Amino acid sequence: MRLKESPSQTAGPYVHIGCAPQTAGLERRGMGPQLGRDMVRSDTAEKIDLMLTVRDGADDLVKDALIEIWQANADGGYAADERFSNWGRQATDLSTGLARFETIKPPASANQAPHILVWIVARGINLGLTTRIYFPDENNGSDPVLALAGTRAGTLIAEKAPSGYAHTIHLQGPQETVFFDV
């Protein structure tokens, strides 16, 4: 006998109330502003947009996912300062499924190609999923973590977009993104 999952076994449907209250319409109730979308000061010259979408096994947009990203600063370290927050949290838009971060492109560090760490939670996901995003215009060939992905490494590489980069995370299916057990 197979039992259906209950909401307490997945990240939804209440993840937005606790982690992204503005998405749930609670900003006006004192729950605070958007968390972590803008990771850089507006006058930062190196600012890029990172646009993320999440698709399920049927290739439909997951419009209620919550995405967190972590990345190195311009010096390759993980210290945040007044100009840059190395962490961002953004819920996907409930109508378009798009999450957009304003950030910088991190440099290569510790023998690894420039990359951004990504954590995703959404309805139907029992544990948060961890992955990485690499940049198509960088030398990714010697990155030891990307090499672990083998023939599926392409699922970790973003596409160039007019104001930065875009990437689609596939939760299941033939294009399933590589996720890491951390």
Side-chain angles (χ1 to χ4, degrees), residues 2 5 9-12 15 19 36 39 46 48-79 84-93 96-182:
R2 183 173 165 89
E5 291 180 337
Q9 292 174 303
T10 73
V15 68
C19 297
M39 297 169 60
E46 304 84 22
I48 63 167
D49 287 330
L50 179 63
M51 293 156 288
L52 303 177
T53 53
V54 179
R55 292 192 174 270
D56 64 15
D59 206 32
D60 292 329
L61 287 170
V62 178
K63 297 179 180 176
D64 58 351
L66 182 75
I67 301 171
E68 290 185 358
I69 65 173
W70 295 272
Q71 67 173 89
N73 60 29
D75 298 326
Y78 280 84
F84 176 70
S85 164
N86 64 347
W87 171 84
R89 176 187 288 165
Q90 178 73 36
T92 54
D93 185 275
T96 66
L98 179 68
R100 185 176 66 82
F101 294 89
E102 288 185 2
T103 185
I104 61 169
K105 187 175 175 183
S109 60
N111 297 324
Q112 296 185 39
H115 65 275
I116 294 177
L117 300 170
V118 181
W119 183 73
I120 306 152
V121 292
R123 63 182 151 74
I125 298 174
N126 295 339
L127 296 171
L129 300 172
T130 302
T131 187
R132 285 182 169 195
I133 297 173
Y134 290 87
F135 301 94
D137 48 358
E138 292 291 336
N139 180 7
N140 297 316
S142 62
D143 186 275
V145 177
L146 187 61
L148 293 173
T151 59
R152 296 179 52 221
T155 67
L156 302 176
I157 300 176
E159 296 176 9
K160 191 84 175 111
S163 61
Y165 298 89
H167 188 63
T168 300
I169 297 163
H170 295 269
L171 299 178
Q172 295 176 311
Q175 300 176 61
E176 182 177 327
T177 298
V178 172
F179 298 105
F180 299 99
D181 186 11
V182 291

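Count residues from 1 along the sequence. In this text the structure is predicted, and so the values were computed from the model without any measurement.
Under the 4.5 Å side-chain criterion, counting only non-hydrogen atoms from C-beta, L117 is not in contact with T130. Residues V54 and L52 are not in side-chain contact: their nearest non-hydrogen atoms beyond the backbone lie 4.5 Å or more apart. A heavy-atom distance below 4.5 Å is found between the side chains of D137 and K105. Contact annotation: the side chain of M39 never approaches that of Q90 to less than 4.5 Å [non-hydrogen atoms, C-beta and beyond]. Within the 4.5 Å cutoff, side-chain heavy atoms of L50 are placed close to those of I116. Between T177 and L171, the closest side-chain pair of non-hydrogen atoms is not below 4.5 Å.
Scanning for ring pair (Phe, Tyr, Trp, His ring centres under 6.0 Å) contacts around F179 gives an empty result, with sequence neighbours left out. Applying the side-chain contact (heavy atoms from CB on, under 4.5 Å) criterion to L98, with sequence neighbours excluded, gives M51, T53, T96. Residues satisfying the side chain to side chain donor-acceptor pair (under 3.5 Å) criterion with Q172, sequence neighbours excluded, are absent altogether. Under the rule for a side-chain contact (heavy atoms from CB on, under 4.5 Å), the partners of Q175 that lie at least two apart in sequence or sit in another chain are H170. Annotation: salt bridge (Lys or Arg N to Asp or Glu O under 4.0 Å) contacts of D93 (sequence neighbours excluded): none. Taking the side-chain contact (heavy atoms from CB on, under 4.5 Å) definition, one finds that D60 meets it with D56, A58, sequence neighbours left out. Not counting sequence neighbours, F84 has no partner by the ring pair (Phe, Tyr, Trp, His ring centres under 6.0 Å) test. S142 meets the side chain to side chain donor-acceptor pair (under 3.5 Å) test with no other residue; sequence neighbours excluded. Qualifying ring pair (Phe, Tyr, Trp, His ring centres under 6.0 Å) partners for H167, counting only residues two or more places apart in sequence or in other chains: none.
Under the side chain to side chain donor-acceptor pair (under 3.5 Å) criterion, no residue pair touches residues 149-162, with sequence neighbours excluded. Counting only residues at least two apart or on different chains, the ring-ring contact (aromatic ring centres under 6.0 Å, His included) pairs with a member in residues 134-160 are H115-Y134, F135-Y165.
Considering CZ of F101 and CD1 of I48, their distance stands at 11.5 Å, rounded to 0.5 Å. To the nearest 0.5 Å, the span separating CZ on R132 from CG on N140 amounts to 11.0 Å. Atom CG of L66 sits about 10.0 Å away from atom CD1 of I120, to the nearest 0.5 Å.
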Side-chain donor-acceptor contacts of residues 67-76 below 3.5 Å, not counting sequence neighbours, with atom names and distances?
| unit_1 | atom_1 | unit_2 | atom_2 | d |
| --- | --- | --- | --- | --- |
| E68 | OE1 | W87 | NE1 | 3.4 |
| E68 | OE2 | R89 | NE | 2.8 |
| E68 | OE2 | R89 | NH2 | 2.7 |
| Q71 | OE1 | T103 | OG1 | 2.6 |
| Q71 | NE2 | T103 | OG1 | 3.4 |
| Q71 | NE2 | I104 | O | 2.8 |
| N73 | OD1 | D75 | N | 2.8 |
| N73 | OD1 | G76 | N | 3.1 |
| N73 | OD1 | G77 | N | 3.0 |
| N73 | ND2 | G77 | O | 3.4 |
| N73 | ND2 | A79 | O | 3.0 |

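Here the shortest heavy-atom pairing between P114 and A108 reads CG-N, 3.5 Å. Closest non-hydrogen pair, A91 versus A99, comes out as O-CB, 4.1 Å. The minimum heavy-atom distance linking A166 with A161 is given by the pair N-CB, 4.1 Å. Counting all heavy atoms, side chain and backbone alike, D49 lies closest to S163 at OD2-OG, 2.8 Å.
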